[in-house]
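Some notes on the structure that comes next.
Below, chains carry the letters A, B, ... as their sequence lines are ordered, and counting in each starts from 1.
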Amino acid sequence: MLEDQEIQKILEIKGLVRGVVFQTDREYVLEEKGEAGLKKLEEEIKKTGQAIKYRKDFKTTDWYPLGWRILSLLVIQETFDWGEQEIFKMGEVAPKHSFIVKTILRYFISLEKTFAETAKYWEKHYSIGKLEAPEIDIKKHHLVLRLSDFKSHPILCIYYRGYFKSLTSLIIRASQINIQETKCVNKGDQYHEFVIDWE
Amino acid sequence: MKREEDCFISQQAREDLENLERYIEELSGFLPLPVCTINPAGLIIDANQAFKDLTKHKESYIIGQGIESLFEDKKLVRDFLKRVFEEEKVEYQEMVLCFQDKCDITVNVSARARKDSQGNIIGCFWAIFDISELKKLQENLEKKVEDRTKALEEAKSSLLNILEDTEEARKNIEQERNKTRAILVNLPNGLIVFDKQGRIIQINSEAERVLNLKEADVLNKTISQVSKSPNLTKLYQTLGGKIEWTGQKYELVLDEPLQRFFQVSIAPVVIKKEVVGLMIVLHDVTRGKEIERLKTEFVSIAAHQLRTPLSAIKWSLKMLLDGDVGSLMPEQLDFLKKGYESNERMITLVNDLLNVARIEEGRFVYDLTSQSLEEIIKKEIDELSKVIAKKKIKLIFDKPKRTLPKVEVDKEKISIVIQNLLDNAIRFNNPGGKVTISMEYDKINLKVIVKDDGIGIPKDQQKRIFDKFFRTNNAIRLETEGTGLGLFICKNIIKAHGGRIWFESEKDKGSIFCFTLPIKS
């Protein structure tokens, strides 16, 4: 159970996020833990005193505090006793459930275009942070993503690693895709940097 | 602030997007046809509910998978995808869908390429139609057809075998029929075969010749319907105007062109214990008859010629024995007695032969008069008194107490019968044996019974007892003299009088001979 102090600290993190993130959280919990799992999550979230909702009355395009987004992941992790791997997996699965991602992927079929759109999409989904793809080398199977002006919580780094890896896998065919966070704001770096290589 | 405000997506656009998302979700959920969206790399980027249901995979598994991973034949899927991107639309490619390590859902795949606003290929829609049930049905049908075809082939083979066997059997039957026909055609006896309705169904060449007709003229006709053959008509009359199996044998005499004699017999035609017709067999006995007649004629002539000299010898010897020409020495008398007895036997034999000849020639004339059988029996007993005394036989004449009716008989011939029966009872008896002669009568017949306790007749020889010249072995051993004609003559005499003669006998225990004579002629 998260301490009130910790919760307060999280809620103080600046920034907003679209409601779609809670939809993807819901889809994952339902898939892994079923309706009973989702109910349990809702009960735990209620204990935090925050009005985070996972049902259909939640608007995917409305803005919600980034702190709620982080809180959702933390409560999920604690409720089901999941480790980093599970959070990583949540991030991996998220694009697959995301209506917006699917919409992008239907029309943008190259890495450059997809990540260019994704960068635009980031701005429309997060009120803070800037996502860029400074390096895309298809021949070398190498891609670098940079997320700047985004100080949040380490749990999101794990989540995004899964997310970006999955996104890449939805565009290119690769027998193996590796992702590393080579730089992290939570560790004192200027920005988050994710290096993706594939075979 | 600008970024915190919703300046890009207006409230209306947001609502439109949400409505669009809901619409697409509802449509995707409703659509019964499994459909997924594939990017140019062949990765599934979206799938509707029907697709997830069919493949039994979660969305998180399907999205991002290469489309070929869901099918058995990966190469086929890649080639198909290539064709879709080239031809933009391909329909009805059969593939096998896999799920949970099983690849057994046969589907029809149709795909259509997607293009952006510049006309560039950006992926395709991939639709699956589950035809596994149809396939199973088709396979079942094919199996059934295959099984039926196999069964038909086997049946055909069996039928061909049966046909071959039938043909073989037919040939065999044909051969047998030809053989049978050849036998019938070449049969020395005439043969006429009738069906159950009395119609002629077969007549061999000998019958054609005997009856002077052609098979074609009489086939499928009854005898009464055939008018052109006098010989056939005569045959019919001989049979008493009916074709019936009674076991009786008939004699047919045909006079044209030459006189011929036939023994006619009727036998049933039986197939599997069922009488399906009758057949008349005509056995030509003309030659036999002729031989018999010549034989009889010879015997008659010979016997007749012998009679006179035998009579002369008899009287000459009688005179010598009676001393009419002087007395003789005892040895001389003895020789003469033997000569006389031998001559007597010769005379008896000659007489018997003459009687037989007359019987066979139909010249054994019967002079019927009303007679008392009792008197005839008494007379014969008297004549046999010496023989009876010599053998010490006890002879009893068991007369009925009531007066017996008279019978219409030839006295001489009936005397021969009684004399023969009594003679046999005495001669084939042991010394001191017993002979009983009795009489009975009813409204129709008068019956005479001669019973003895002599040597009897062996069972295996009883059938021949009335045959000409037949004598049983035990009779020959007891009495070497004898013609074997006596009972033959008795039978003919009794038969000629309308009576019946029969016997019961057991070897070494004696015999009972009986005959009946009708009281009214």
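Ile62(B) does not touch chain A: none of its heavy atoms, backbone or side chain, sits under 4.5 Å away.
The 12-atom threshold is exceeded at NZ of Lys74(B), counting heavy atoms of other residues, nucleotides or ligands nearer than 6.0 Å. Within a 6.0 Å radius of CD in Glu132(A), other residues, nucleotides and ligands contribute more than 12 heavy atoms. More than 12 heavy atoms of other residues, nucleotides or ligands shown are found within 6.0 angstrom of CD on Glu35(A). In Gln180(A), the CD atom is not crowded: 12 or fewer heavy atoms of neighbouring residues, nucleotides or ligands sit closer than 6.0 Å. Under a cut-off of 6.0 angstrom, the local environment of CD in Gln85(A) is sparse, with at most 12 non-hydrogen atoms contributed by other residues, nucleotides or ligands. More than 12 heavy atoms of other shown residues, nucleotides or ligands fall within 6.0 angstrom of atom CD in Gln197(B). Within a 6.0 Å radius of CZ in Arg177(B), other residues, nucleotides and ligands contribute 12 heavy atoms or fewer.
Here the OG-CD1 distance, from Ser166(A) to Ile63(B), works out to 9.5 Å after rounding to the nearest 0.5 Å. Atoms OG and NZ, from Ser60(B) and Lys96(A) in turn, are 6.0 Å apart once rounded to the nearest 0.5 Å. Here Leu105(A) contributes atom CG and Ile44(B) contributes atom CD1; the two are 13.0 Å apart, rounded to the nearest 0.5 Å.
Between Leu170(A) and Ile45(B), the closest heavy-atom pair is O-CG2, 3.8 Å.
Heavy-atom pairs under 4.5 Å with chain A peak, among Asn39(B), Thr37(B), Asp46(B), at Asp46(B).
Proximity of a side-chain donor or acceptor of Arg173(A) to a complementary backbone N or O of Gly66(B) within less than 3.5 Å is not detected.
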| request: Start with the C-alpha distance between Lys58(B) and Glu27(A), add both sets of side-chain angles, then the distance that settles side-chain contact (heavy atoms from CB on, under 4.5 Å), and finish with yes or no. | output: CA-CA 11 Å; Lys58(B) 295 178 191 171; Glu27(A) 293 301 321; over 6 Å; no

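Glu59(B) and Lys102(A) are joined by a salt bridge, as a carboxylate oxygen and a charged side-chain nitrogen come within less than 4.0 angstrom of each other.
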